[in-house]
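Notes to accompany the following structure.
Worth knowing before you read on, the calculation uses all heavy atoms, side chains too, and leaves out hydrogens, waters and symmetry mates. A note on names: the letters A, B, ... follow the listed sequences, proteins ahead of strands, and every chain is numbered from 1.
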Number of protein chains: 2
Amino acid sequence: MDFQNIKIAVDAIVFGYEKSELYVLLIKQKYGVFKDSWCLPGGFVKDEESLTIAVQRELREEAGVSVNYLEQLYTFGDDVQRDPRARVISVAYFGLVNPETLSLQADTDAQDAQWFPFHSLPVLAYDHAAIVQKAIERLQAKLHYQPIGFDLLKPEFPFSDLEHLYQTILGKKLDRRNFRKKILSFDILEETDEFRSIGSGRPARLYRFNPTKYKALQKEGFLFEIKLKEKEKMDK
Amino acid sequence: MDFQNIKIAVDAIVFGYEKSELYVLLIKQKYGVFKDSWCLPGGFVKDEESLTIAVQRELREEAGVSVNYLEQLYTFGDDVQRDPRARVISVAYFGLVNPETLSLQADTDAQDAQWFPFHSLPVLAYDHAAIVQKAIERLQAKLHYQPIGFDLLKPEFPFSDLEHLYQTILGKKLDRRNFRKKILSFDILEETDEFRSIGSGRPARLYRFNPTKYKALQKEGFLFEIKLKEKEKMDK
DNA sequence: ACAAAAGTGTTCGCTTTACACCCATGT
DNA sequence: ACATGGGTGTAAAGCGAACACTTTTGT
């Protein structure tokens with residue numbers, strides 16, 4: 001069975017979110033044609049390793065990151081030349097992390113793994129720009145029909161965080177009252193007794209996402225679904 | 001670069017539709033552990049071949065079929081043992097054909113490629129049952145937000161065909177008037193001057209899907225979206 | 001004449017949208 | 001006191017759901 005000479009790799013695009021900014025985790029290449037350019041974390045799959053494990057291993061090894069949510073995104077193998085060294089097919093995964101992970105990374109002085117604001121990514125090696133493009137589309141789409149936004153927030157968060165997250169990622173302004181009403185109507189959040197105030201302004205009550213309740217409702221045929229008419233386009 | 005010993009294959013799950021029945025294309029295995037059992041068409045990717053080309057080639061070689069619609073479904077590579085012979089990762093594709101293809105195949109006396117009604121599939125080799133499962137979910141989901149049903153019908157079709165197609169694939173009864181109203185409101189069908197009657201009953205006007213118009217509308221932000229409350233579950 | 005499928009409008013209720021003022025805190 | 005963000009209700013419009021009879025053909 002030596003008729004085939006194709007290598008299989010996994011790449012991960014991991015999103016983080018903090019203070020109304022969406023971030024992407026990138027790695028600086030150390031060797032090869034693309035030395036010193038940035039790319040998504042990833043690498044070759046081992047013979048006895050499942051794809052999911054491979055991605056998680058690479059994320060740990062290259063960036064010390066473990067994700068809060070992970071799903072397969074797409075397999076890139078139509079461009080035979082996407083890796084100049086050899087024929088490499090890449091199974092891309094899509095991950096989300098809590099803000100804690102973001103801060104941890106910022107503290108490290110490891111220069112070869114870094115969070116970049118989504119709106120100012122450097123030029124990426126290989127076809128990784130295409131992966132990023134596909135990932136942001138998926139993320140935007142999923143926000144509408146899966147309670148995935150919570151995976152980018154701390155376990156307890158003020159409602160406005162969720163609202164800003166949607167606005168940032170979708171690039172739209174939303175009606176605060178309607179958004180809140182809609183999310184609360186799903187009955188998948190529980191309010192805590194805690195409040196938090198950031199600088200000035202009235203302190204905000206903290207909420208917690210209840211995944212158990214969500215799964216239960218899901219089984220009864222409940223659908224998480226948000227349609228959001230944009231008020232106006234956002235600036236940046 | 002001989003550190004990796006994983007093979008990469010493509011598999012295709014192709015759906016056909018005719019007379020209120022959904023079909024899946026299967027191939028009878030000729031050799032190996034799974035000799036004489038049925039599985040999805042597919043095979044190993046060649047070194048210089050894109051994934052899409054590989055699927056289309058396999059479909060042509062193994063079943064003489066060319067598809068009307070093709071998209072990547074999912075990459076199966078978490079079960080390291082999914083192929084008992086070696087580590088094989090499979091990129092599964094999802095295809096749709098016109099009824100013409102279905103009839104052509106039925107005429108052939110080639111016994112190793114056959115259309116099976118979706119509701120009475122034989123036991124499948126490898127993990128192909130999982131692929132089928134994922135594919136039907138995708139097909140059902142897509143019917144709601146992409147004008148994909150037309151790819152399973154002849155270019156000109158009576159409205160009732162579309163209606164039955166939705167009912168068959170979703171396994172629900174629909175309200176004829178509401179369904180028709182909704183589809184027509186999209187303004188992506190053009191009516192022809194032809195009529196067709198099948199046996200008794202009033203002849204039906206034939207319609208034609210206009211992909212150009214659809215693409216144009218899409219660019220203007222139009223969304224194909226159908227919500228369909230089921231009237232009752234269907235029998236089979 | 002009857003059976004079979006095609007074709008067609010209107011009403012009701014719910015969901016989505018639009019919209020503006022008061023509240024609690026920090027400075 | 002003022003600036004900043006948090007919190008809340010209501011009315012109008014639009015969309016989805018329910019529902020039954022007439023038309024045209026084959027037998």
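- For the pair A:Lys229 NZ and C:dT15 P, the computed distance is 19 Å after rounding to whole Å.
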For this session: Report the C-alpha separation of A:Phe224 and A:Leu217 in whole Å, then their side-chain angles, then the decisive distance to 0.1 Å, and conclude whether the side-chain contact (heavy atoms from CB on, under 4.5 Å) test is met.
Result: CA-CA 9 Å; A:Phe224 180 93; A:Leu217 287 168; over 6 Å; no

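- We find that CZ of A:Phe186 is positioned 12 Å from C1' of C:dT15, with the value rounded to whole Å.
- A:Ser160 comes within 4.0 angstrom of the backbone, heavy atoms only, and of no base.
- Below 30°, between 30° and 60°, or above 60°: for B:Phe76 and B:Tyr74 the angle between ring planes is above 60°, a perpendicular geometry.
- Closest approach to the B:Arg176 side chain among C:dT25, D:dA18, C:dT8 is made by C:dT8 (side chain taken as heavy atoms from C-beta onward).
- No salt bridge links A:Asp36 with A:Lys28; every basic N to acidic carboxylate O contact stays at or beyond 4.0 Å.
- Atom pair B:Glu225:CD and D:dG14:C1' shows a separation of 14 Å (rounding to whole Å applied).
- Comparing A:Ile198 and A:Arg180 by the nucleotide of DNA chain D that holds the closest heavy atom to each, the one mapping nearer the 5' end is A:Ile198.
- Straight-line distance from the CG atom of B:Leu206 to the P atom of C:dA6: 11 Å, rounded to whole Å.
- The nearest whole Å value for the distance from the CG atom in A:Leu184 to the P atom in D:dG6 is 14 Å.
- Place B:Glu163 and B:Asn178 on DNA chain C by their nearest nucleotides, and B:Glu163 ends up nearer the 5' end.
- At the heavy-atom level, A:Lys227 lies under 4.0 Å from the strands shown only through sugar-phosphate atoms.
- Among D:dG7, C:dG26, D:dG9, the nucleotide with an atom closest to any side-chain atom of A:Arg205 is D:dG7.
- Because its NZ or CZ atom is not both nearer than 6.0 Å to the ring centre of A:Phe157 and within 45° of the ring axis, A:Arg208 does not count as a cation-pi partner of that residue.
- One can place CZ of A:Arg177 at 10 Å from P of D:dG9, the figure rounded to the nearest angstrom.
- Comparing D:dT23, C:dT10, D:dG6 by their closest approach to the side chain of B:Lys181 singles out C:dT10.
- C:dA24 atom C1' lies 19 Å from atom CZ of A:Phe159, rounded to whole Å.
- One atom, NE2 of B:His144, and another, P of D:dG16, lie 13 Å apart when rounded to the nearest Å.
- With distances taken from any side-chain atom of A:Ser200 to the nucleotides D:dT24, C:dA6, D:dT4, the minimum falls on D:dT4.
- The cationic atom of B:Arg205 (NZ for Lys, CZ for Arg) does not lie both less than 6.0 Å from the six-membered ring centre of B:Phe159 and within 45° of the ring axis.
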